[in-house]
Amino acid sequence: MAIGAGPATVVLQILKQAGVLVAVGLAIGGPLSVFLVRYTSAIVKGGSAHAAGTISLVAVFLLCIAAGAAFLPAVRATRMDPVKALKHE
């Protein structure tokens, strides 16, 4: 904001950065969780290898939590005085 960015731009930039981190985490964690569910269902009797719905639900839940966790500091950053932020008091 000190160099001319508006509050909406700051919020979108922070949400975009958080979204990239979440996307990388889901891209790594999704296939890994599918593998682990299949592996553990082969070991544990009565286990189900059909947990795609659960994995998808957890991924959406984590995405919502991450969006909320990024949105609150982003809004707080827009209320900050840019001069104080640059002085680092």
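- Annotation for Leu62: hydrophobic cluster partners, listed by chain and number, are Val58 (ILVMFWY side-chain heavy atoms under 4.5 Å, direct or chained).
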Indicate every side-chain donor-acceptor pair of residues 15-37 with a distance under 3.5 Å to a residue at least two apart or in another chain.
residue, atom, partner, partner atom, Å
Ser33, OG, Gly29, O, 3.1
Ser33, OG, Gly30, O, 2.7

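- Pairing each heavy atom of Ala77 with each of Ile14, the nearest pair is CB-CD1, 4.2 Å.
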